[in-house]
*Asks:* 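This structure is in structure tokens; I'll ask about it shortly.
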There are 4 protein chains.
Amino acid sequence: MAVAEPESAPRRRAPRVDAIRNRDAIVEAAAAALAEQGTSVDVREIARRSGVGMGTLYRHFPKKEDLVHTVLRREFSDWAASARQQAIDADDPWAALADFYRQALDGYARHRAIMERFALVSSDSDPDGIRQLRLVIEELHAGAADLLRPGVTTEDLLLLLVSLGHAVQVTDECRPQLWHRLLHISLDGLRAGHAGPLPAGPSTQDSNRRRR
Amino acid sequence: MAVAEPESAPRRRAPRVDAIRNRDAIVEAAAAALAEQGTSVDVREIARRSGVGMGTLYRHFPKKEDLVHTVLRREFSDWAASARQQAIDADDPWAALADFYRQALDGYARHRAIMERFALVSSDSDPDGIRQLRLVIEELHAGAADLLRPGVTTEDLLLLLVSLGHAVQVTDECRPQLWHRLLHISLDGLRAGHAGPLPAGPSTQDSNRRRR
Amino acid sequence: MAVAEPESAPRRRAPRVDAIRNRDAIVEAAAAALAEQGTSVDVREIARRSGVGMGTLYRHFPKKEDLVHTVLRREFSDWAASARQQAIDADDPWAALADFYRQALDGYARHRAIMERFALVSSDSDPDGIRQLRLVIEELHAGAADLLRPGVTTEDLLLLLVSLGHAVQVTDECRPQLWHRLLHISLDGLRAGHAGPLPAGPSTQDSNRRRR
Amino acid sequence: MAVAEPESAPRRRAPRVDAIRNRDAIVEAAAAALAEQGTSVDVREIARRSGVGMGTLYRHFPKKEDLVHTVLRREFSDWAASARQQAIDADDPWAALADFYRQALDGYARHRAIMERFALVSSDSDPDGIRQLRLVIEELHAGAADLLRPGVTTEDLLLLLVSLGHAVQVTDECRPQLWHRLLHISLDGLRAGHAGPLPAGPSTQDSNRRRR
DNA sequence: GATGAATGAGTTTTCATTCAT
DNA sequence: AATGAATGAAAACTCATTCAT
């Protein structure tokens, strides 16, 4: 790590090692805490687990939200990558798709914060996280295109993931594995061979409202 | 005033009207607030919306949790009943099932508190709420039994509802109706005609556990 | 609703019966509640026990304090009278004194509010209550004067009552009767035959202040 | 100071000074407030007097009860120690006993919270506080054993303290020193030379019970 | 006159964020 | 730069007192 660094050079790089170590520790601890307790976790809990002081934590992440975002982005990536790996190891395209779902859902169930924030993440605040996931799914989609019923989109596959994710979470405590049946059913619904065309999808006719 | 009013008669029902009006206003306001903001909504917000003071609110519902429970039970019932009605009005068993899901999901998406509590509601804390829903689904299940693939259980249908509910919520803001496609797919997966049997389901082999 | 009540007469006496009944019920209930829970008892608890509404209670006693005072005055009188009766039934002056203390202390221990307020009652706010008690003690004092050491005042006897009252209360739960020993000791200290004179007593030299 | 102190060493004790100062300020302020107003004192009052924010107070004492306990324990110890010192400085065993009572009662009178909690303190919740006091009294008891009437126990002496404590408090405002006479009387009652034996004491015959 | 529902200021406690050391 | 103590605005809940019926 930059042994020399004589006298003249840009004086401002030395303590970086510590800073990075701290930042990593914070992110690591936050990831665990967020997975367990969701985004309502106390910031101090994270500081404690990281082994750093509150000040250090806030130097790296001025707002709790910043930390949450950073962490979720990373978790999201890891999660997507891990599921993707599972798919790559599969024997055939269909198995790849199925294995991807199984692996992803298994992880999803254990991460409270990812669940809480999926809506936000997917829509606007973090286009990157979801994009990555979409890429993975696109890949699987392309690979299994012939086996899927016509009209199925990557978007559909993504939404199925989110959807089953909730089922997993809701049933994980008292009925583990119950969701496997639902995954099986849904995948069957995706197979080529089904007659009818799928409904229109997200037309632009703003038929949804919300809000006070 | 009140010339007649013999001797003994009714004398004591008048003030109740106000109380009932207030209680209703509270429940109404709480329902709206809970739907929008979830169970973390501020009690004062509810009091303000109801047009009553904190004391009045707490007279009717000694704990915030009491109010939440009361409201959610009601909302749950209304929601289930409305979806059931939709099913009853359908032409054939399959349409009944599909219409039920459509109606239920449409309502589900708009209620943050119902979503938040579904897990709890479904497991133990409010057996009545979920039981009601399960009965409706059982009814539909029985009606469409011949059209469903063998092995599909009421439990599966219930979980599908929860599962899609999340999908609806996540996409409702920016892609309304996207979930209709997913529903279509899932229902197709449920149709008779699919070859393979469904996976075992919630066996007792404790194959997944929470960590640390 | 006073049917007759011609034209002239003092219009304002008829419904008094109800009012009195209510007032009595309130005082009765308040006495019990105050004895059990002390002056911090909830006004609504008293209303409930009385079987009257809050409005009625507040019509009779515009402030909680008014009710407390009224009740304590009455309880105080009853208590003093009952102890006095015990003394009257005794065989000799000394026994009268001892029996009085025993009876009074036994009642005192069961009345949280009397204890709490003794200080106030005795000093200024309710000169009547304490006066009554003082009269009883004066009577006993006079009767047993020959048996008491010189210099003992009615004031001393009164304070001894208060003092032992606290001891009774503190020990009543876990060591009932322990206070009997202390009473015995104190009475022995009051007997004629003790040599030394008693200390000066409440001289005007303001040797007490309060606070930091 | 501490010349050497190579490279790694102490690094971390500075900020503690403030914390300790604050903690002390809180305890100090709480002691005063509790003495004046008893345990019902508003936590904010204590924070204000300490000059710290609510958060700081709650950092040091997570529950109001924690603060109360900490303070009372300290006050209790100080109080007992100070009274003991007074006893040690006395010329003879009897004077030691008397001086102890005088000193203790003088302090007791000024502390509402100590009074309020004595019952609790003495029975179970804080065995340490009362134990300390009992030890002191045991010491005095042993020293003055020959001068005391037979059968007097440490328990009696302790109860006498509590008992007189209340008398002090009740009279302290308007009749300071009145209690000195009562102390004198009681101590005389404790002297050897009294004929009759003391009553049985806390026998197990449950002869008095709380109602409802 | 009676009723009891309504009021709202006041109490304890939490937690994101700042700042002195 | 790091530390962790300090801050104070909320939030849930209570209760003496008032007021419409």
Side-chain angles (χ1 to χ4, degrees), chain A residues 12 14-16 18-19 22 40-48 51-65 67, chain B residues 1-2 11-23 40-45 47 50-65 67, chain C residues 1 14-16 18-19 22 40-48 51-65 67, chain D residues 11-23 40-45 47 50-65 67:
Chain A
R12 51 134 60 138
R16 207 51 155 279
D18 276 57
N22 274 336
S40 70
V41 68
D42 192 325
V43 181
R44 268 172 291 200
E45 165 87 1
I46 297 175
R48 202 175 325 117
V52 307
M54 292 292 288
T56 305
L57 193 155
Y58 271 85
R59 162 172 292 275
H60 288 288
F61 305 95
K63 297 275 172 195
K64 182 187 182 181
E65 194 53 30
L67 175 56
Chain B
M1 72 296 287
R11 265 321 179 88
R12 65 140 44 140
R13 201 102 276 171
R16 212 50 155 282
V17 177
D18 267 60
I20 289 176
R21 205 193 334 275
N22 274 331
R23 199 194 134 100
S40 71
V41 66
D42 190 330
V43 180
R44 275 172 302 188
E45 164 89 0
S50 323
V52 306
M54 290 293 291
T56 304
L57 196 155
Y58 273 88
R59 158 180 279 274
H60 290 288
F61 304 95
K63 299 275 174 199
K64 182 186 182 183
E65 195 53 30
L67 176 56
Chain C
M1 52 276 311
R16 207 49 157 279
D18 274 58
N22 275 336
S40 71
V41 68
D42 192 326
V43 181
R44 267 171 292 200
E45 165 87 1
I46 297 174
R48 200 177 326 116
V52 307
M54 292 292 287
T56 306
L57 193 156
Y58 270 86
R59 162 172 291 276
H60 288 289
F61 305 95
K63 298 276 173 196
K64 182 186 182 182
E65 195 52 31
L67 175 56
Chain D
R11 266 317 181 87
R12 61 143 46 142
R13 203 102 273 172
R16 213 51 155 280
V17 176
D18 267 61
I20 288 176
R21 207 194 331 277
N22 273 331
R23 199 194 135 100
S40 71
V41 66
D42 190 330
V43 180
R44 277 172 303 186
E45 164 89 1
S50 324
V52 306
M54 291 295 290
T56 304
L57 195 155
Y58 272 87
R59 159 181 278 273
H60 289 288
F61 304 96
K63 299 275 174 198
K64 182 185 182 183
E65 196 53 30
L67 176 56

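Residue numbering restarts at 1 for every chain, and letters A, B, ... go by the order of the sequence lines. In this text, all values refer to a predicted model and were calculated from it rather than measured experimentally.
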*Asks:* With nearest nucleotides of DNA chain F determined for B:K63 and A:H60 from heavy-atom distances, which residue corresponds to the more 5′ nucleotide?
*Replies:*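 In this pair, the answer is A:H60.
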*Asks:* I need the CZ-C1' distance between A:R59 and F:dG4, as an integer number of Å.
*Replies:*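 Whole-Å distance recorded here is 15 Å.
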*Asks:* Phosphate oxygens OP1/OP2 of E:dG1: is one of them under 4.0 Å from a side-chain N or O of C:N22?
*Replies:*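 So the side chain of C:N22 is outside the cut-off, no N or O lying under 4.0 Å from OP1 or OP2 of E:dG1.
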*Asks:* Whole Å only: how far is the CZ atom of A:F61 from the P atom of E:dA16?
*Replies:*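 Interatomic distance, CZ of A:F61 to P of E:dA16: 16 Å.
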*Asks:* For B:Y58, which residues count as a side chain to side chain contact (heavy atoms under 4.5 Å, CB included) partner, sequence neighbours excluded?
*Replies:*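 B:Y58 satisfies side chain to side chain contact (heavy atoms under 4.5 Å, CB included) with B:V43, B:M54 only.
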*Asks:* Looking only at the side chain of A:R44 (C-beta and beyond, no hydrogens), which of the listed nucleotides F:dA11, F:dA2, E:dA16 gets closest?
*Replies:*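 Among the listed nucleotides, the one closest to the side chain of A:R44 is E:dA16.
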*Asks:* When you get a sec, tell me which of F:dT18, E:dT12, F:dT7 is the closest nucleotide to the side chain of D:T56?
*Replies:*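 For D:T56, the side-chain atoms sit closest to F:dT7.
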*Asks:* Rounded to whole angstrom units, what separation is found between the CD atom of B:E45 and the P atom of F:dA12?
*Replies:*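 Atom-to-atom, B:E45 to F:dA12, this comes out as 11 Å.
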*Asks:* Of the options F:dC15, E:dA2, E:dT14, whose atoms approach the side-chain atoms of D:Y58 most closely?
*Replies:*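 Closest of the options to the side chain of D:Y58: E:dT14.
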*Asks:* Rounded to whole Å, please give me the gap between CG in B:L57 and C1' in F:dC15.
*Replies:*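 Distance, rounded to whole Å: 16 Å.
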*Asks:* Picking from F:dA16, E:dT17, F:dG8, which would you name as closest to the side chain of C:K64?
*Replies:*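 Nearest to the side chain of C:K64 among the choices is F:dA16.
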*Asks:* With Watson-Crick and G-U wobble geometry limited to distances under 3.5 Å, how should the secondary structure of DNA chain E be encoded in dot-bracket form, using | for bases paired to another strand and [ ] for crossing pairs?
*Replies:* .||||||||||||||||||||
*Asks:* Where the side chain of C:V52 is defined as all heavy atoms beyond and including C-beta, which of E:dT18, E:dA2, E:dT3 is the nearest nucleotide?
*Replies:*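 From the listed options, E:dT3 comes nearest.
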*Asks:* More 5' along DNA chain F: A:G51 or C:M54, using each one's nearest nucleotide?
*Replies:*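 Taking each residue's closest nucleotide, the earlier one in sequence belongs to A:G51.
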*Asks:* Nearest nucleotide by nearest heavy atom, which residue falls closer to the 5' end of DNA chain E, D:P62 or B:G55?
*Replies:*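 It is B:G55 whose nearest nucleotide is closer to the 5' end.
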*Asks:* Between C1' on E:dC15 and CD on A:E65, what's the gap in Å once rounded to a whole number?
*Replies:*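 It works out to 15 Å between those atoms.
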*Asks:* Could you tell me the separation between the CG atom of B:L67 and the NE2 atom of B:H60, rounded to the nearest 0.5 Å?
*Replies:*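 The CG atom of B:L67 sits 11.0 Å away from the NE2 atom of B:H60.
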*Asks:* How many angstroms lie between OG in B:S40 and CD in B:E45, if you round to the nearest 0.5 Å?
*Replies:*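 One gets 10.5 Å once the value is rounded to the nearest 0.5 Å.
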*Asks:* Please name all residues satisfying salt bridge (Lys or Arg N to Asp or Glu O under 4.0 Å) with A:R59, sequence neighbours left out, ordered by chain then number.
*Replies:*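 For A:R59 there are no salt bridge (Lys or Arg N to Asp or Glu O under 4.0 Å) partners, ignoring immediate neighbours.
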*Asks:* How long is the line joining CZ of B:R21 and C1' of F:dA20, in whole Å?
*Replies:*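 B:R21 atom CZ is separated from F:dA20 atom C1' by 12 Å.
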*Asks:* Rounding to an integer number of Å, can you tell me how far C:L67 CG sits from F:dT17 C1'?
*Replies:*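 Rounded to the whole Å, the gap is 14 Å.
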*Asks:* Looking only at side-chain atoms of A:D42, point me to the closest of F:dA16, E:dC15, E:dG8.
*Replies:*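 Nucleotide nearest to A:D42's side chain: E:dC15.
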